[in-house]
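Proteins come first, then strands; the chains are lettered A, B, ... in the order of their sequence lines, and each starts at number 1.
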Amino acid sequence: MSARITASELAAAYQTPDGDTLPALGPVSFHVEAGSFVCLLGPSGCGKSTLIRLLAGLQRPSRGQALLDNHVIMQPSRRVGLMFQDANLMPWRTVLDNLTLPLEVAGVPKDERLAAARALLPALGLADFEAAYPGALSGGMAQRVALGRVLIQKPDALLLDEPFGALDAMTRERISLDLMDMWERQRQTVLMVTHDIHEAALLADRVLVFSRRPGRIAADIRVTLPRPRRLEDTYGAAFGQIAGQVRAAISRT
Amino acid sequence: MSARITASELAAAYQTPDGDTLPALGPVSFHVEAGSFVCLLGPSGCGKSTLIRLLAGLQRPSRGQALLDNHVIMQPSRRVGLMFQDANLMPWRTVLDNLTLPLEVAGVPKDERLAAARALLPALGLADFEAAYPGALSGGMAQRVALGRVLIQKPDALLLDEPFGALDAMTRERISLDLMDMWERQRQTVLMVTHDIHEAALLADRVLVFSRRPGRIAADIRVTLPRPRRLEDTYGAAFGQIAGQVRAAISRT
Amino acid sequence: QDLQPLTFLLTFVPNVQFSPLYIAIEKGYFADVGLDVTIEHLDEPVVVDLIAAGQRQFGMVSGEEVIKARAKGRPIVYTYAWFHRYPVGIVAPEGTGIESVADLAGRKVGIPGRFGASYNGLITLLAANGLTEDDIQLEPIGFNAPENFCKGIVEASVVYINNEPLQIQSRADMGDCGDVKQVQVFPVADVSALVSNGIVTSEAVLADNPELVRRVITAYDRGLRDAILYPAEAYTIATKYVENLPLPPVLAQLALWEQTVIGGMTAAAPPTVVGDRLNALLGTAEPASEEMTPRARAAQYREALPELLIDLAEPVELLQFRVLLSTIALWDADVLGQTTLEAWQATQDILLQTGQLKAPIALEAAFTNAFIPGE
Amino acid sequence: MQLNALPKSPTRPLTLPLAGRPHPFRRFSRRLIPLLSLGLLLLGWQVVTMLELYPAFIIPSPAAVLEKAIEVTGDGRLWLHASTTLAAVLSGLAVGVLAALALGYAIAKSVLLETVLSPVIVALQSTPVVAYAPLLIIWFGSGLTSKIVTGALIVFFPMLINTVVGIRGVPSDLRDLLRSMEATRWQTFVKLEVPAAMPVLLSGLKISATLAVIGAVVGEFVSANAGLGFLINLARSQYDTPLVIVAVLTLTVMARLLYGTATWFERRALAWRARGR
Amino acid sequence: MQLNALPKSPTRPLTLPLAGRPHPFRRFSRRLIPLLSLGLLLLGWQVVTMLELYPAFIIPSPAAVLEKAIEVTGDGRLWLHASTTLAAVLSGLAVGVLAALALGYAIAKSVLLETVLSPVIVALQSTPVVAYAPLLIIWFGSGLTSKIVTGALIVFFPMLINTVVGIRGVPSDLRDLLRSMEATRWQTFVKLEVPAAMPVLLSGLKISATLAVIGAVVGEFVSANAGLGFLINLARSQYDTPLVIVAVLTLTVMARLLYGTATWFERRALAWRARGR
Ligand SMILES: Nc1ncnc2c1ncn2[C@@H]1O[C@H](COP(=O)(O)OP(=O)(O)OP(=O)(O)O)[C@@H](O)[C@H]1O
Ligand SMILES: Nc1ncnc2c1ncn2[C@@H]1O[C@H](COP(=O)(O)OP(=O)(O)OP(=O)(O)O)[C@@H](O)[C@H]1O
Ligand SMILES: [Mg+2]
Ligand SMILES: [Mg+2]
């Protein structure tokens, strides 16, 4: 199952301390086809996280609307899995219990929860740390737990806000390939914020480049490389061309 | 002024909940010459942040010792500026007040503090946000404040733990070039954790690649490219060769 | 001249019942014996402990407290009886079948708590009527008798007979006391002479400075006598020491004439409403009272006063004055200040009986009548 | 004024609020509603007295109480007693809170101190005043000092506990930050520990502020010549229920004002919370 | 047991502690030191009585108190009174804490409720028990219920205030996390709000636990047939200072046990703090 995400004239603003309005995003309009993998790039502070929050139903737009399969998004839905920019773990829960939280909330029986979590741990490189508390994790380890927590839900759509920001190049590559594998099997809709052009080109069907705040779509680049993709493909010319296109779009913002 | 950093047989360990010992780092030995710029790369969880904490005097090694100009590091020193992996801002202080905190602690008069902070804000891209509270910042903006907070101290040595992790490629390039400029003028000693190979090759005199936990030095690569360096240099062959060397070292870990 | 400062300990809060002391201060009786008295109000056990520990020198304490305290090693001595009748009794509504203490059997009786004068009084009363505590349903209600009584929570209550019955009656008169129209009182003093409140000092003061004791008692005795003779004056003076006491003009007037009318026995009161009533009262009494002492005249006067004042002030304005009048009745005695060994004995018996006292003490050392001024 | 002046959510997008996030309160209604609830209370009171559920001497009518209030305000007595109590309350609060802050800080830092002191402190807190009344009077007399002591004693504990939990709850990352700047103990206290622990400290202060009133009154019950506690006892001894109520209401107003001051301070000190998540 | 069972710093590297970070406490000395400080206290007491600074009836010797304690323990009286009070304390604590949790939760969520209720609550808190003693006895009689009410009333406020600050202090990011999982209100409460607010809630519980003892005793002062408050009054009326002290010490032990239970619970519930920064 996967879901279609639509933004129509979507905009968000915040209030500043002195009562002014700070436009943070848009208006932007776009469709994300069901089952497609879209990467979002844009300058820091341009409203990417704000967009993610709008699509997750955590926040209401100041203008326009966001739709999930043609239903206006009014509040969060379990069909949508959200990974925050911060790891946002519960410090009083172990790695294992943080991982299983979404299943616990959904009422999945305990043994199923544990099985699901234990299946995920090795891929996340956390097999030895299931009993650790978040305070004892390195930055990258915490981020991997957060990623695991959203993947375990098996939602129809994934909203990932810089899921690999704190990971080293190797781990990043490995985990993003794992993610791609999973996605190729399950074909959820994925919307992922990243700052890494190569990563975007490797993973995405489509790259949206945002302009500076208030972010609008500066470029909408289709990545037509064939799937399944492998890491080796990134050394090819086609890949280089796409990456160059993205880079150029970013430079223009 | 700059400082020389030495690690001699330095190792660190933590206690796990069940009372076992978790070796987190080393033992590692290395010298960082006064005024040199060293980048640290290594897999997530290999002990990079732990090393930084040891060198900052926030934590004591389980073996060996760390030296600053031949003095054993027993406790934090103002000569060393530390940027944490998290932004670690005080939520009750505005951007401006977070920036000036180190100066405040050092007893710098208010107008000097403000002048120094205001001089930094534009380079950090935060000119419009000096009155904002951390809660109203995007992830990248918070990280930039944290960077500004350590730069404003003008310490003899800088310990930076993934300073650009939350920044988009453009901002990251711009700010790292700014950092390099500053460094070329002031020649502090810089030890920087990063996951970005290009960035390491661009900035560093030397790249230390760590193995997986407990992290040891897997490779020590001198970057002999001439200074001052420019972004354009990164397209050259010499640069590509260094980057390749680093990448190869990482792959071996 | 230089007066010697002295703190006199009283219990609870300022009250019209403490008017003898107020009079002795106000009219300079303490100053006459070279004392400058200040009053401090504390809990009774604290009063006892402070005097026993030599922290203060004099205070007002009840007889049974003296016995209990001495039994537990506090060297205090009772030197002058202030109350002659034990102020505790049981109040019960009329017309509910309670005609005597014996009728309380099986009924719910309120009491502040199972300790202190109320408890001692209750046990004495019950015993005199062939009952024990187990024959009634005893309900601790704190010092909230009127509320509980009028709400019908209790059917009778152990009270201070100079105060609560008046409070309850005045509520009943206003129709504010449930079904209760009229209350009756069964005083402990009717069945037994227990030692009540009096001036207490420590053995040390008694031994080292008997002269001081004499001075204090002399001044207080004068105050007490004045209070007994001149209740309206006593009340008027008390209003200076006790906040929130209403002073209806008629009482202030009376205060001015009492000295002459009661004390001097000569002049008649001026021809006002109350004056006329007063003259009539004392006039009719005159033939029979050729030889009448001022105290007897005063008793007669006190008796008549409520009737006399009935429409000259609001009932609420007179309530505290009536409390004073009924309290004076508890003070008055042939010889002021004196207690007898028998009374002490009776008091001790009750304490022994209720287990408040484990073993009898040497009662002779607990009190002295040596400082009582002559008539 | 309110129990806790903090808005519950971060900067609110300029939009309809989300389900579950209540509307921000208008200043106007914020002022109006307490008056309204007061009015309702008064009405309820009036109804109870009119129904004559209880005799007037148990629950007197609002009119009788008002009359009494006017009387004792007019002749200055209420002010005399209220100011006496207020002096004791404020001094007791100050002494208790400062002692609790100092000791709480020390305890938060030292497990040894905690182990040594906690039995004594819990004992102090759970001992009723009457039990040590004689010593109280011997040591501190029956004047202001005794009342300050009883007030400070009752205030001390909640403030202490909240200080300990507040100081211990300071994020260790921020501690490390200040250590890395070589901040002095005092700087760490002022620039980190106080602001970070502020919500919990203020919550302790609010509890303390209302308890201080009770503490001073208890002191006045033990012994006093003036003060609202004294007035309550006096009025009770005279069965003057309206006066009891006037005195109690004055106490209430006093507690309310103290509490309101703490709330006001909270609103100022934690304004940043309203300005970010 | 200690005021706050949390270690002050994150997992400690297996090394010498840094300056400013005290040694971790050994289990052994943790148990020993309270005993030691108790011993010191006893010694001080003995010295005071031996110096005869105060007459024995104001500060009796430890021996006299011990003798009394043995007497009243032997004949079962102490146990009778202590269990009576304990029942009142526990029920008062339970009622007060549960009410405070429920209302505190509601108030933390609704500014309206807060505005309406806070005047009433502060008023309740600052009204001395004697002032409403008549109503108390009329409504609840002189038995257990009255004591539970006085206990619950005094317990309520600190717990309420700490509940409000605890619930409002829950990080909004974690709230968002649970919202994104479509957690029910109850799930949010159990899985997020309770654990996140736990330190502050437990601090409120500790304050409440000791106050509950005082509350029940005050109830027993107003009117009772049994209980430690009654025993204190009785002993005072019999000038039996050793018995007063025995009763007070029993209260202290009771408070200590309650407090210790809260601390034990804290140590368990917040164990995670010791296992990471
Ligand atoms: N809670 C908030 N209150 C007020 N302003 C906010 C809030 N959150 C974000 N903003 C502002 O909105 C703008 C966009 O923020 P957002 O977090 O969406 O950026 P972003 O694109 O995710 O940036 P980054 O890449 O740095 O994470 C920023 O200017 C930020 O200051
Ligand atoms: N406070 C702590 N308590 C216990 N274990 C810890 C603690 N901090 C770190 N560790 C462990 O030490 C190891 C190294 O952690 P560290 O944070 O130094 O890694 P890192 O190299 O910075 O990783 P990353 O790139 O993910 O930030 C990890 O296995 C981590 O679980
Ligand atoms: Mg963001
Ligand atoms: Mg790290």
Between C:Ala52, C:Pro112, C:Gly54, which shows the greatest number of heavy-atom pairs under 4.5 Å with chain E?
C:Ala52
Side chain, backbone, both or neither of C:Ile141 within contact of chain E (heavy atoms, under 4.5 Å):
both
More than 12 heavy atoms of other residues, nucleotides or ligands under 6.0 Å from CG of C:Asp208: is that the case?
yes
Can you tell me if CZ on C:Phe12 sees more than 12 non-hydrogen neighbours from other groups inside 6.0 Å?
yes
Scan chain C against chain E and return every donor-acceptor pair whose distance is under 3.5 Å.
residue: C:Asp43; atom: OD2; partner: E:Arg236; partner atom: NH2; Å: 2.5
residue: C:Glu65; atom: OE1; partner: E:Tyr239; partner atom: OH; Å: 2.6
residue: C:Lys68; atom: NZ; partner: E:Ser237; partner atom: O; Å: 2.6
residue: C:Arg74; atom: NH1; partner: E:Tyr239; partner atom: O; Å: 2.8
residue: C:Arg74; atom: NH2; partner: E:Phe57; partner atom: O; Å: 3.2
residue: C:Arg74; atom: NH2; partner: E:Thr241; partner atom: OG1; Å: 2.6
residue: C:Arg114; atom: NH1; partner: E:Asn225; partner atom: OD1; Å: 2.1
residue: C:Glu139; atom: OE2; partner: E:Ser142; partner atom: OG; Å: 2.8
residue: C:Pro140; atom: O; partner: E:Ser142; partner atom: OG; Å: 3.3
residue: C:Gly142; atom: N; partner: E:Val222; partner atom: O; Å: 3.4

Contacting region of E:Phe221 [heavy-atom separation from chain C under 4.5 Å]
neither
